[in-house]
Amino acid sequence: MLKISLPDGSVREVALGTTPAEIAAAIGPGLAKAALAARVDGELRDLTRPLEADATLALVTAKDEADALDLARHDFAHVLAEAVQNLHPGTQITFGPSTDDGFYYDFAPKDRAFTEEDLPAIEAEMRRIIARDEPLIREEWEREALIARWRAEGETFKAEWAAELPAGEALTVYRAGRGEDAWLDMCRGPHLPSTGKLDPQAFKLTRVSGAYWRGDQKNAMLSRIYGTGWLSKKQLDQHLTRLEEAAKRDHRRIGQEMDLFHLQSEAQGSVFWHPNGFVLWRQLEAYMRRRLDAADYAEVKTPQLMDARQWEQSGHWGKYRENMFVVPDEVPNTEGEGAVLSGEGDLMALKPMNCPAHVLIFKQGIKSYRDLPIRMAEFGCCHRNEPHGALHGIMRVRQFTQDDAHIFVREDQLIGEVQRFCELLDAVYRDLGFEDYAVKLALRPEKRFGSDAMWDMAEEELRQAVAQSSLSDAIKAKFEELPGEGAFYAPKLEFHLTDAIGRTWQVGTIQSDRVLPDRLDASYVGEDGNRHRPVMLHRAILGTFERFIGILIEHHAGRFPLWLAPVQAVVATIVSDADGYAGEVLAKLRAAGLRAESDLRNEKINYKVREHSLAKVPALLVVGKREAEEGKVAVRRLGEKEQQVLPVDEAISLLRAEATPPDLR
RNA sequence: GCCGGGUUAGCUCAGCUGGUAGAGCAUCUGAUUUGUAAUCAGGAGGUCGUCGGUUCGAGUCCGACACCCGGCACCA
């Protein structure tokens, strides 16, 4: 007999081989029906998997939403695969997990990749499979038998996978339905007891795409079908609504609507900032400059183009050449038409990073240990020739400006500097409206430079710096380590912002680098009179202006706080008799340093209110006859239905206070 | 770079199986002087992404290229 402990503290004695489903049935028919899976000693398992030892058992129902969702999504993926093979015989199955909001499955199509036009038929077939309520039965197979089976069915990807699963691990197969011809997939499980547990109205196939087998560019391109899956139609509808809301916040759409910037094919991947959008940039840059000044950074400006030899020395030519824009250094051809290289093989390259140039500044003159730390900042404009498919609005571009800085430190200063950086970054994010962000430590990658001892030390330094910093407990609680994600020369701290609708974006970063100072022979004179290598901290808070502004746009959905808003106030007249007065109000607003416009058009006030509201102008100052006579304005704030009638000077001083950047309040 | 989809007026989009283009908004003109999310009327505006092909005839069919979108890969 086995002793099975239940969550209520009771212990049941059951025979060896009893299943959680049977225990659920013994407890009650309601539970038996609601049970989706079991947690056995904390491990999620199939309801029908026999118990083999004393254990704690918790039955998983829809109330355990995280588990239930994950099980359902995984099952949707299987149902998708079965549906596709029913409709498209000859399609090979490969791999199909659950995701954050649904699931996908990768197929090796027989002749052509799937398109969105295939999806409705596949959805219908999925609903038929769910309606058939096929039991999902777990089986353990011998490796050779399984490989043979997959080969016999022409499932070469599954056969490859089966052959490579680690020895000693049970090879499990799930049978959908009963009998010899039931559909099979190799899968670690667990699964719901049957497809009928899925809500046929709670999923939707959303898109198709390509995906490399095992995520490797060198492998075959598979055809992936994505879906979103939930426990109920209501949840699905809520999710679809969220997606619609997110689409309305898309920075590309708002950028167009608010006339912030545009992109065009003649300058692929580079942003044309319009006057409105560049206000955001200027405010952000001025703010960062004040912050950096206060934090003892010295600002520099370095060349856009440098000789290829310099990039060879820094190591970029070897490691980063593919992503660099290389420019021939040409002179007129004295012996004929056109131009020729100025010297043999003379090439220049646009900088993809600012770090080498900063080291070159560091190397001018002799540096003493007393000079360190040296904090060198640059709003550096970089060019990287990103793969075409990577470009995305203003978030991923080929020309961008980083709020970059390099801090040259002695070993004994390193942790303190990283800590100082974390605190500066925290203050900036809070000022900019992002209270909620995550810190991640990217650890040594497989291919790396330097000894294990160096990595042990470098990783521990960053870990310590975060732990010792004054970041809030909430932020520290979310700290996470990412094995294998570090740069080849150093571990890095990554700072991920969460926007208003829950998406996260990596923006800030800091990494300690002992390689580049060495390659470029940077040194300082130590207390002992000998030359020493400084450690170089590469760091950014916003990351790039382009991406950060994109995030700000989406975070605020274009409704910027007053200090950032491109147009802060519009004076709108009700009748043309108020035009003169509106002009006076406008002049006062501008004299107070506010970005203001007037709208004297011959239109109804309803029309003007609607138009400026849609343009997301934060403050609308309406003036009619009454206001003109009384020296007042009717202030209507964006998003509010009510207006407040105030004396002009009072309205202006309120707006002015609110328009003060957060660091100057 | 790879897979799939797309590109029609300033913007958002319609245009069935080929017969040389249409709406709303914006713009312009006129009327209207208006009190908090669209006043009315009229006009103008497009070599349908580029190049090539099929055809008596191409926005529509075929091919190449460019760019965009969704993913994948990439992201010092």
Side-chain angles (χ1 to χ4, degrees), chain A residues 104 106-107 109 112-119 206-226 250 252-253 256-257 259 262-269 314-316 319-320 322-323 352-356 382 384-393 395-397 400 402 404 442 445 449 485-490 492 494 506 509 511 513 515-516 538 540 543-544 547 572-579 600-615 620-627 634-636 638-643 645:
Chain A
Y104 66 80
D106 286 348
F107 301 94
R112 61 165 183 93
F114 296 110
T115 75
E116 295 199 3
E117 289 177 6
D118 296 318
L119 300 184
T206 50
R207 52 182 174 255
V208 294
S209 91
Y212 298 104
W213 168 235
R214 296 183 151 194
D216 191 328
Q217 215 170 355
K218 292 193 283 287
N219 291 339
M221 175 61 65
L222 304 173
S223 184
R224 174 174 296 180
I225 297 178
Y226 279 95
D250 191 307
R252 292 165 298 189
R253 174 174 169 159
Q256 163 88 263
E257 287 169 355
D259 194 19
H262 85 270
L263 298 155
Q264 66 181 63
S265 57
E266 287 76 4
Q268 189 196 11
S314 66
H316 289 82
K319 296 272 180 196
Y320 209 67
E322 281 187 358
N323 289 290
M353 295 172 206
N354 305 301
C355 30
C382 297
R384 294 183 191 170
N385 197 348
E386 303 284 2
H388 287 66
L391 301 177
H392 176 88
M395 302 286 218
R396 189 85 184 269
V397 286
F400 51 85
Q402 298 175 307
D404 200 11
F449 190 97
E485 300 274 309
F488 73 93
Y489 58 80
K492 59 179 180 178
E494 298 177 352
Q506 192 206 312
T509 179
Q511 43 205 273
D513 178 8
V515 175
L516 195 62
H538 304 246
T544 70
R547 169 175 292 186
T573 52
I574 293 172
V575 290
S576 54
D577 286 349
D579 286 1
L600 310 182
R601 290 176 302 172
N602 177 9
E603 295 290 351
K604 292 194 168 183
I605 194 61
N606 284 308
Y607 181 90
K608 296 186 185 183
V609 166
R610 174 179 157 83
E611 189 154 288
H612 299 300
S613 297
L614 290 175
L620 190 57
L621 310 188
V622 178
V623 296
K625 233 178 201 166
R626 277 204 302 276
E627 287 76 12
V635 183
R636 178 179 170 130
L638 180 60
E640 288 174 23
K641 287 231 165 19
E642 300 301 312
Q643 57 273 358
V645 182

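Computed from a predicted structure; not experimentally measured. Numbers restart at 1 for each chain; the letters A, B, ... are given by sequence-line order, proteins then strands. Atom set for the values below is all heavy atoms of this structure, side chains included, hydrogens, waters and symmetry mates excluded.
A 4.5 Å side-chain heavy-atom check between A/Tyr489 and A/Lys319 finds every atom pair outside the cut-off. Taking the side chain as every heavy atom from C-beta outward, A/Glu611 and A/Arg601 approach each other to under 4.5 Å. Taking the side chain as every heavy atom from C-beta outward, A/Tyr212 and A/Lys218 never approach each other to under 4.5 Å. Using a 4.5 Å heavy-atom threshold, the side chains of A/Asp577 and A/Lys625 count as touching. Using a 4.5 Å heavy-atom cutoff, the side chains of A/Gln268 and A/His388 are in contact. A/Arg396 is listed as a side-chain neighbour of A/Arg547, based on a closest heavy-atom distance under 4.5 Å.
Within 4.0 Å of A/His392, counting heavy atoms only, lie sugar-phosphate atoms of the nucleic acid but no base atom. Residue contacts for A/Gly393: at a heavy-atom cut-off of 4.0 Å it reaches the sugar-phosphate backbone alone, with no base atom in range. Across all strands, A/Lys608 comes closer than 4.0 Å to no nucleic acid atom at all (heavy-atom distances). As judged by a 4.0 angstrom heavy-atom cut-off over every strand, A/Ala113 is placed among residues touching the sugar-phosphate backbone only.
Taking atom P in both B/rU47 and B/rG59, the straight-line distance is 13 Å, to the nearest Å. Distance noted for atom C1' between B/rC72 and B/rA14: 33 Å (whole Å). Spacing of P atoms, B/rU50 relative to B/rA31, comes out at 41 Å, to the nearest Å. A distance of about 16 Å separates the C1' atoms of B/rC56 and B/rC61, rounded to the whole Å. Taking the P atom of each, B/rG49 and B/rC11 are spaced 13 Å apart, rounded to whole Å. Nucleotides B/rA21 and B/rC16 are separated by 15 Å at their C1' atoms, to the nearest Å. Of the C1' atoms belonging to B/rA23 and B/rA9, the separation is 11 Å, rounded to the nearest Å. Taking atom C1' on both nucleotides, B/rU8 is separated from B/rG22 by 10 Å, rounded to a whole Å.
The interatomic distance linking A/Phe114 (CZ) with B/rG70 (P) rounds to 23 Å, in whole Å. For A/Gln264 and B/rG10, the CD to P distance is 14 Å, given to the nearest whole Å. The CZ-P distance, from A/Arg253 to B/rC69, rounds to 15 Å in whole Å. When rounded to the nearest whole Å, the span between CD of A/Glu494 and P of B/rC75 equals 12 Å. Atom-to-atom, CG of A/Leu391 to C1' of B/rG6 comes out at 17 Å; the value is rounded to the nearest Å. If you measure from atom CD of A/Glu116 to atom P of B/rG6, you get 10 Å, rounded to the nearest angstrom. Rounded to an integer number of Å, the gap from A/Glu117 CD to B/rG70 P is 20 Å. B/rG4 atom C1' lies 12 Å from atom CZ of A/Arg207, rounded to whole Å.
Across every strand in view, B/rC72 sits in a pair with B/rG1 that passes the Watson-Crick or G-U test at under 3.5 angstrom. B/rA41 is paired with B/rU29 under the criterion used here, namely a Watson-Crick or G-U wobble arrangement in which both key atom distances are under 3.5 Å. B/rA58: no Watson-Crick or G-U partner with both key distances under 3.5 Å is found in any strand. Pairing partner, B/rG49: B/rC65, with both Watson-Crick or wobble hydrogen-bond distances short of 3.5 Å. Look at B/rG35: it lacks any Watson-Crick or wobble partner with both distances under 3.5 angstrom. Remark: B/rC11 base-pairs with B/rG24; criterion is Watson-Crick or G-U wobble with both hydrogen-bond distances under 3.5 Å.
Taking the side chain of A/Arg384 as heavy atoms from C-beta on, and the options B/rG4, B/rC75, B/rG1, the nearest nucleotide is B/rC75. Ranking B/rU27, B/rC67, B/rA73 by closeness to the A/Ser265 side chain, first place goes to B/rC67. Listed nucleotides: B/rC11, B/rC2, B/rC75. Nearest to the side chain of A/Arg396: B/rC75. Across B/rU33, B/rC68, B/rC72, the shortest atom-to-atom separation from the side chain of A/Arg224 is found for B/rC72.
A salt bridge links A/Arg252 with A/Asp250; the closest basic N to acidic carboxylate O contact falls under 4.0 Å.
Nearer to the 5' terminus of RNA chain B, by closest-nucleotide assignment, is the contact made by A/Gly215 (compared with the other of A/Gly315 and A/Gly215). Where A/Val208 and A/Gln506 meet RNA chain B, the nucleotide closest to each residue was compared, and A/Val208 sits on the side nearer the 5' end.
One finds a side-chain N or O of A/Gln268 lying less than 4.0 angstrom from the OP1 or OP2 phosphate oxygen of B/rC67. Close to B/rC72, at under 4.0 Å from its OP1 or OP2, lies a side-chain N or O of A/Tyr226. A close approach under 4.0 Å does not occur between any side-chain nitrogen or oxygen of A/His388 and OP1 or OP2 of B/rA66.
Judged by distance alone, with hydrogens and angles left aside, A/Arg252 brings no side-chain donor or acceptor close enough to the base of B/rC69 to form a pair under 3.5 Å. Evaluation of atom-type donor-acceptor distances gives no pair under 3.5 Å for the side chain of A/Tyr212 against the base of B/rG71.
With a 6.0 Å radius and a threshold of 12 heavy atoms from other residues, nucleotides or ligands, A/Gln264 has its CD atom above the threshold.
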- Message: Protein within reach of the bases, or only the backbone? For nucleotides 36-43 of chain B, mark each nucleotide 5' to 3' as B, S or -, using heavy atoms under 4.0 Å.
- Response: BBBB----
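Each of A/Val609, A/Val635, A/Leu638 was compared with A/Leu620 under the side-chain contact (heavy atoms from CB on, under 4.5 Å) criterion, and only A/Val609 meets it.
Pairing each heavy atom of A/Glu627 with each of A/Val622, the nearest pair is CG-O, 3.8 Å.
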